[in-house]
Structures are given as structure tokens and as C-alpha cells.
Asks: 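Sharing a structure, written as C-alpha cells. Questions coming.
Just so it is clear, the values below take in all heavy atoms, side chains as well, and ignore hydrogens, waters and symmetry mates. In what follows, chains are A, B, ... by sequence order, proteins preceding strands, each numbered from 1.
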Amino acid sequence: MESFPSLTVTQRDQILVEQQVFNIYKAFYDMPPSSQSLMLELQRENHVEYLTNGLKHLGPSFCVLDANRPWLCYWIIHSIALMDEFLDPELEDNTIDFLSRCQDPNGGYGGGPGQMPHVATTYAAVNSLVTLGGDKALCSINREKLYTFLRRMKDPNGAFRMHDDGEIDVRACYTAISVASLLNILDDDLVQDVGNYILSCQTYEGGIAGEPGSEAHGGICQFVACGIASIQYEKASTSSDNLFIRYTFCGLATMILINEVDRLDLSSLIDWVVFRQGVEAGFQGRTNKLVDGCYSFWQGGVFALLKRLQSTKGEQSVPMGDGEDSGAGSPQTTASSDATGAEGLNEDSSQAGSHFEQGEPHDASCPVVVENIDHNSSKRRAKVEPLFNCLALQQYILLCAQEPGGGLRDKPGKSRDHYHTCYCLSGLSVCQHSWSEDEDSPPLPSAILGSYSNLLEPIHPLYNVVLDRYQEAHEFFSRS
Amino acid sequence: MANGHPSFLALLFPPPALGSYRTLKMESDEPDGHSLSRRVEWCDVTPLPQDDGPNPVVPIAYKEEFRETMDYFRAIYQADERSPRAFRLTRQAIVANPGNYTVWHFRRLLLQTLNVDLYEELDFLQQIANSNSKNYQLWHHRRWVVERLGIDARAKELQLTKKILSLDAKNYHAWSHRQWVLQALGGWEDELDYCQQLLEEDIFNNSAWNQRYFVITRSPFLGGLKAMRESEVRYTVEAILAKPENESPWRYLRGLYKDNIEVWVNDPQISLVCLKVMNAKSNYVFALSMLLDLLCHGFQPSEEFRDAVDALWTSDNHPLDSDLAKAVCCILEHVDSLRASYWRWRKSKLPLAA
Ligand SMILES: [Zn+2]
């Protein structure tokens, strides 16, 4: 520290991280190509082994996560599904059985057997079961009771609280709405006024805060933001937190799910989030804060949501004028080919880019997204150009966040943990698929950093579950 | 960390060493070395083991002491026993795992039933915060307690958050709590000075900028955004000119006109700060970005702007676009190459030139 006397704390912290990251990149560029491709390889086997071990056994330091066990299930099972691996049937059964023990007789899931139901652990449990798939897993969710639980958690102001007498914030709103949507129990009573609450949390910066007045945030990364970090989680830890979800992502996803996304100032949100990607190539959670691997999803996922909006609503639909042009446009109705859900998006685009191209009907089968208008490349077929630098982000994830021995982490110098493994991999999937023209076509090799075998399964960005698992659940719950 | 630099925050916030953990445990009124099962006080209670099933997943190898504490907690929680010993037990369970919201919840029920001195509760929370100040339950509980104490607790809360922020100036929980205290109990008088002080220490501290915005827009003493705009713009412009690479004041400056975009577009101070930074020819990405936003909202640039933008175009491959907004996008695409696709997209969204 003494070596940077004239710098502020923020600058000092930033420089230390930059040095570490740049050393890694420099070493990488100095390597022969064969070593480079080895470095860029996703160490699937090691990751799967690390994850599976966690599902079977966790050491005493995990006592501090004793009220987050459905989260541990989700981080592990979702990560394994992203790598297209399957659990052995016995482990799968054990997971279903265990989560049933976390389910409260009056609806919702707690952080462990016998604990109070909690909206966020409910989200983790439901996402885990959807990811496992199959009738047994899906039938184990008591949807009627879960609905009454969510109604009980709804505050008169429209927002949700985490549990009886618990805190109210954007994360609670997102997890409640996400679960309800996924299970096909979302109704007007649950939606009522939640949009007003989210709207009140969008800050002057463009991002979304946890509560009205707070700072725009990708969210709080418990393991990292405190500097106590994952090292502690692996070793003698006394720090814990039961929430691992990010505000801007949560706010945007909620507004999309309840079909009120046009109420947000999307242009300033986009501008805020593109600037969260830094020179280290990864994302930071807040302005002038440090890069962290988990924001690969919490910020990168925002782009997946935006892309989804655009491909559903038509290319010109994100207004760039702070919503002042939100007069009545002509309603565009996309074809119903949005097989992957996000119902409601289809019909709502009345405010779409009215001063650009007035409501041309769009054929959703050829979603032109953020089209590349660069004159040099416009001769090629219209391509989905992501708004962020997804190759750079892959580089950060693979070279800086990946531990070759298995597991992923916040940044160099930190230890791996299941949470960061889950969100780094989710972010990696988002990057790899962000060029794809539609969800069913595999990405071009040029979209994948490193070998094509790094390719992960695509996710449904609104829920962060693997897409085909979502589709199965969606079908299952629309039947019943 | 790999090269021997411990992270700066890690130094300020060392992992709560076993020391602090022990301190807390000794303060709980558990006679040392005696497990609950061997204490007369608890002999009438049958511990309730966790219903983990025969083959649990994510099974935690609990330390014996942890398991026992939780087994007793489950027993009294299930029996809804609102007793002093139950209250003491919740302390032990919280120390073992401050993330257990069920324990915190039950503790609030006990606080109500037993009429405990809430100032003592604040002291207990302070001890927990010393080892882990980033825990939702802790702050939610604190808010609950302070709500009941009312205005008498105000000074203590403002002082506590100040202390935490002096060690970690961006602690999100501490900021949220402080904002809640200000709104619920007041104490706005010195808040702008406090922001000022934090920004003097670290002009890059975005949390302090956010707090500043919170104060100028919500303090009952300052008259709101419109009344504060003139002096805030002066302060912010100065901060920008000192460090144009600092994103925080740029976003703040824009925020100062959130209620009236037209005023923003037509205020010569705004375009002038962009011009000055561009003319200095370094760290001008945010200046160009703001100029682009201004142009998108109808700003009519003078020749100076065209000249300043032209001067930033070093490539001789092709001439810069004659439309100024497009030209700005081209430069940004070039110099801010990490975001090249964003700037291309912005270019594609420009309103057709008149
Ligand atoms: Zn993180």
C-alpha cells in the first residue's frame, strides 16, 4: 500500500487486481499455442468431480451455510447440468427426498429441514427440481401451498418479503415472481404493484438497487464483497449469508416476467451495464468496484435478457430515448413461435421504438437482434451481435476465474466455491450462446473461446435453468 | 494472494479469527466446557435432531457443538418456548451461524415476549457485526430493534454505520441501514458534509456519490434537486475535470437533471465540460459518451464541438462521418474497443439526421 501514496483506496484496490489479472494474460500470450489451448480448456471432469463431491459431503466449515442448503443443491446441480452431465439416479432420488424435507407443510422451502420457508431458498429448491426434471421431481412441489406461501409473503406495497417478518427487497420480488412463473401459478394478485416497487429502485445511474435510494448494483456477492471471501468459506468460516442474488438482473427479469419492462429506463440501464465490463474483461457489480467472476452471469445475464426482449419484440424495440418517446406505437404481435416461454412478452410492445420504424410485424422465426450495421460486415447475413464483449468475458472466466483442479472463483487469489462455480459457468453459457440467432441453433465456433468442446448448454435467462429442462417443466406445469 | 499482496480489504476485514469467535462464545452464559446435555437447566428438554433423511445430499459434517446447539434450538422452537433460556440459546445458535434466519426470527418473538432491554440487543448485534458485517439477517434484525427504540437510537445508528464505513466505505448493508435511519428517524443535518468528507478521501467512491444524491434529493433541509442543482453541478464539474476517467461524477452529473432532460441538453455547463475534456485529449470516453447522449436529445453543437471531435480521430484510413453523432460513435468504437459492439449499436439507433 505504501507504494501508492497518492492513490485513493479505490484506485489502489483496482491496481492490485489489474496487476494480477494482467500478469495472467501476459503469461498466456507469451505461451506457445499448444499451452494456450490447454489454458483455455474448460476442465469439465475436474469441475464435475468437485461439484459431485460437494453434493455428497461438505466439511464443518459449511456450518455457516446450514440455512442455505437448497442453494448448495442448485449451484451444484445447475452447474452439472450446464456441462450436460447427469447425476446418478440414486443421487437424484436423494436430492428429491432431501428437498421434500425442506418443504414446509404450509408451502415454500426453507434453508434446511425444519427451517421456516424462505422465498429465496424456495427459488433455489424449485430451480433444482426443475433441473433434475422428471415427474417425480416436478410432482414433489406442492404448488397450491406454494402459492399461498407467496401470497402471504406479499407486502401491501406490492413487493415481497423473504419470509414471515423478513426483509423486503428486489431479490425477494424476483425469486417470488420467477418461481410463480416457472410453476405456472403467477396471477394478477401476485403481480399487483410489484412493478412500482422495482421502478422505485432504478437509480440515477441506470442500474437497479436493492431498495429505493440505495446504490445501483449487480448485487452483493457475499463471499467477495466483504473481502472475507471464499477462503474463509472453505476453511474456518464464520461468515455467511443466505442470499446470493443480484439486484439489476433481478429487477429487469422481474419486470420482463410481469410484462412491465417498458416502464424501466432501458437505455440508461443498458448504458450502465455495458460500462460494468472492465479492462480485466470480467464484470464488476457496481461503478468503481472490483471485477468478480459471479457477475459474469448477474451482468452478462442482463444482456441475455435484453437480447431475448429484442428477438421477441423486434429489433428496434429497446427505446434509446429514456422512455420519453413512449407514446402509443402500433402494437406488434410476434408470431407465437416463442416456444421457450416468456409469455406476455409477445403481446407487449406498444411502447417499442416508436420514433424509429413504426411497428413492422416481425416474424419471430428470424429474430434480427442487435443487428450488425457495420458497413463492412452488413453484406453477411444479419447476425446477433451481443452488446457486450463476450469473447473477452470468456477469457476472464477461463483464465482468471477457473481453477484447473476444479471449481471456479471470484478472481485470482480467491478460492473456488460452489456459488462462483455456478455463476461463472452460467455466465460462460450466456457468452457462448449470445451470438446465436435462435436458441435451437448451435453457436458458431467463432463464438466459443478455446476448443468447441468448451460449449455449455444454453440457459433460459429469466430463470437461469438449462433451457431444455425449462421446456420440460414448462410443458409439465401447463398441463396441470 | 498469489504474489504476496494480500487484498486490501482482507487486511481491513481479516477473517474473523478464532479469537473473536471465542470471545463471543465466552460471553454467552454457557459455563465453559459443559455441553447443553450435561447442564441441569436443559435436562427437561429432549433435543430434536434434524430430519435429514437416510441419504441427505449436501450433508454438512457438523461440529458436535453445532449439532447439539441446533438440536436444542429445534426442540424449543417446535415447542414455541418463550423463555429466558430459549433467548440465551438463540444467541448461541446465531453465533454458530449468523445466517440462520429462523433463529433470528424466533429471537424477535422472544424479544417481544420477554421484554428484553433493546439497548442490550444492540450491543449483541454490534458484537456479531464485528465479525461479520455483511449479513442480511443481522441488519434486518437491527432495523427491527431500532424501529422499536425510535428516535433515541438515532445517534448510535449513525455513529455505528459511520464506523463501519470508515473501514469499508462501500459496505452496501451499512449504507442501506444508514439511509433507512435517515428516512425513519432523521439526522440529515450533517449528511452532506459527511458525503463531502468521504469524497475528499476517495473521489472514486461511488457509494458516497450515491449517498450524496440520496441527500440532495431527499433531505428535508435542502430543498430538493432543483434547488441544489446549481451548486452540485459546480462541484461535479470540478470533480470531472480533476479526474475525467472517474465514471462516478459523470453519472452523477446526468442524475442531477433526471427530472428535466431539456434543461440538461441546454445547460451550457454540460456541453462545456465535455468539450474541455475532449480538448485535453486524454480520458475522454465519458465525455464523448455524454456528448452522444446530448446529441441524441437534440443538442445543437457549435463548430468547436466538430473540431474537438475531429481532433480525436487519428486514423487516416477513412474520413470521419459528417454527422457528428455518427462520428462520435466511430471514435468510441475505436478507442473504447471493449465496448465496440455497443457503440456500433448506438450508431445504428441514431435518429436519422435532419
Ligand atoms: Zn462473486
Asks: Check whether B:Arg339 reaches the backbone of A:Val274 with its side chain - one donor and one acceptor, N or O, closer than 3.5 Å.
Replies: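 Yes, B:Arg339 side chain to A:Val274 backbone: donor-acceptor pair under 3.5 Å.
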Asks: If you count heavy-atom pairs within less than 4.5 Å of chain A, which of B:Glu201, B:Gln183, B:Arg143 leads?
Replies: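 Greatest number of close heavy-atom pairs with chain A: B:Arg143.
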Asks: Relative to chain B, which of A:Gln14, A:Lys56, A:Gln277, A:Glu90 shows the most heavy atom pairs under 4.5 Å?
Replies: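 Option with the top pair count is A:Gln277.
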Asks: Please determine, among B:Gly255, B:Ala61, B:Ser176, the option with the most heavy-atom pairs under 4.5 Å with chain A.
Replies: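 If we count pairs closer than 4.5 Å to chain A, B:Ala61 comes out on top.
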Asks: Relative to chain B, which segment of A:Asp165 carries a heavy atom at a distance below 4.5 Å: side chain, backbone, both, or neither?
Replies: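 The answer is both parts of A:Asp165.
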Asks: Just how far is it from atom CE of A:Met162 to atom NE2 of B:His140, taken to the nearest 0.5 Å?
Replies: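 Result: 11.0 Å between the selected atoms.
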Asks: Between B:Arg251 and A:Asp271 (salt bridge meaning N to carboxylate O under 4.0 Å), is one present in this structure?
Replies: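 Result for this pair is yes, salt bridge flagged.
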Asks: Could you label the plane-to-plane angle of the A:Phe275 and B:Phe286 rings as parallel, tilted or perpendicular, counting under 30° as parallel and over 60° as perpendicular?
Replies: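 Correct class here is tilted.
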Asks: Surrounding NZ of B:Lys258 (heavy atoms of other residues, nucleotides or ligands, distance under 6.0 Å), is the total greater than 12?
Replies: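 Atom NZ in B:Lys258 is packed in, count exceeds 12.
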Asks: Give a yes or no answer on whether the side chain of B:Tyr172 reaches the backbone of A:Gly210 with a donor-acceptor pair at less than 3.5 Å.
Replies: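 Here the side-chain-to-backbone pair exists.
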Asks: For the candidates A:Gln11, A:Met116, A:Glu211, which exhibits the highest count of non-hydrogen atom pairs separated by less than 4.5 Å from chain B?
Replies: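 Max contact count across the listed options: A:Met116.
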Asks: State, without any angle test, whether A:Asp66 and B:Tyr62 hold a side-chain donor-acceptor pair at a distance under 3.5 Å.
Replies: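 Yes, side-chain donor-acceptor contact under 3.5 Å.
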Asks: Between atom CG of B:Asp202 and atom OG1 of A:Thr10, what is the distance when rounded to the nearest 0.5 Å?
Replies: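 Reported to 0.5 Å precision, the distance equals 3.0 Å.
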Asks: Is the backbone of A:Gly213 close enough, under 3.5 Å, to the side chain of B:Asn210 for a donor and an acceptor to pair up by distance?
Replies: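 Checked: pair present.
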Asks: State plainly whether the residues B:Glu247 and A:Arg276 are in salt-bridge range, i.e. N to O under 4.0 Å.
Replies: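 Looking at B:Glu247 and A:Arg276, the cut-off is met.
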Asks: Answer yes if the side chains of B:Tyr136 and A:Asp169 hold a donor-acceptor pair under 3.5 Å, and no otherwise.
Replies: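 No, no side-chain donor-acceptor contact under 3.5 Å.
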Asks: If you count heavy-atom pairs under 4.5 Å between each of A:Thr287, A:Leu391, A:Asn389 and chain B, which one has the most?
Replies: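 Max contact count across the listed options: A:Thr287.
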Asks: Given a strict heavy-atom distance threshold of 4.5 Å, which part of B:Phe66 is in contact with chain A: side chain, backbone, both, or neither?
Replies: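 Just the side chain, heavy atoms under 4.5 Å.
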Asks: Taking A:Asn288 for the side chain and B:Phe204 for the main chain, is one N or O donor matched with an acceptor at less than 3.5 Å?
Replies: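 Such a contact is found between A:Asn288 side chain and B:Phe204 backbone.
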Asks: How many angstroms lie between CG in A:Asp93 and CG in B:Asn55, if you round to the nearest 0.5 Å?
Replies: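 One finds 10.0 Å between CG of A:Asp93 and CG of B:Asn55.
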Asks: Could you tell me the separation between the OH atom of B:Tyr213 and the CD atom of A:Glu205, rounded to the nearest 0.5 Å?
Replies: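 Atom-to-atom, B:Tyr213:OH and A:Glu205:CD are 10.5 Å apart.
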Asks: Donor-acceptor check, side chain of A:His163 to backbone of B:His105, threshold 3.5 angstrom: yes or no?
Replies: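 No; zero donor-acceptor contacts below 3.5 Å.
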Asks: Could you walk me through whether B:Val58 and A:Cys73 pass the side-chain contact (heavy atoms from CB on, under 4.5 Å) check?
Replies: CA-CA 7 Å; B:Val58 292; A:Cys73 289; 3.8 Å; yes
Asks: Using modelled atom types only, decide if a donor and an acceptor are shared between the side chain of B:Tyr101 and the backbone of A:Gly111 within a distance under 3.5 Å.
Replies: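 Yes: the side chain of B:Tyr101 pairs with the backbone of A:Gly111.
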Asks: Is the side chain of B:Thr102 donor-acceptor paired with the backbone N or O of A:Gln115 at a distance under 3.5 Å, no angle test?
Replies: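 Answer holds: no.
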Asks: Taking atom types as modelled, find out whether B:Ser207 and A:Arg286 have a side-chain donor-acceptor pair closer than 3.5 angstrom.
Replies: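 A pair is found: one side chain offers a donor N or O, the other an acceptor, under 3.5 Å apart.
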Asks: About how many Å separate CG of A:Leu290 and NZ of B:Lys170, when rounded to the nearest 0.5 Å?
Replies: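 If we round to the nearest 0.5 Å, B:Lys170:NZ and A:Leu290:CG are 7.0 Å apart.
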Asks: Please classify the contact of A:Tyr204 with chain B as side chain, backbone, both or neither, using a heavy-atom distance under 4.5 Å.
Replies: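 Both parts, backbone and side chain.
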Asks: At a 4.5 Å cut-off on heavy atoms, which part of B:Val285 comes close to chain A: side chain, backbone, both, or neither?
Replies: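 Answer is side chain: those atoms of B:Val285 sit under 4.5 Å from chain A.
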Asks: If you round to the nearest 0.5 Å, how far is CZ of A:Phe303 from OG of B:Ser341?
Replies: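 Result: 8.0 Å between the selected atoms.
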Asks: Can you run down the salt bridge (Lys or Arg N to Asp or Glu O under 4.0 Å) pairs that involve residues 67-77 of chain A, sequence neighbours left out, and say none if there aren't any?
Replies: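 Sorted result for residues 67-77 of chain A: A:Arg69-B:Asp52.
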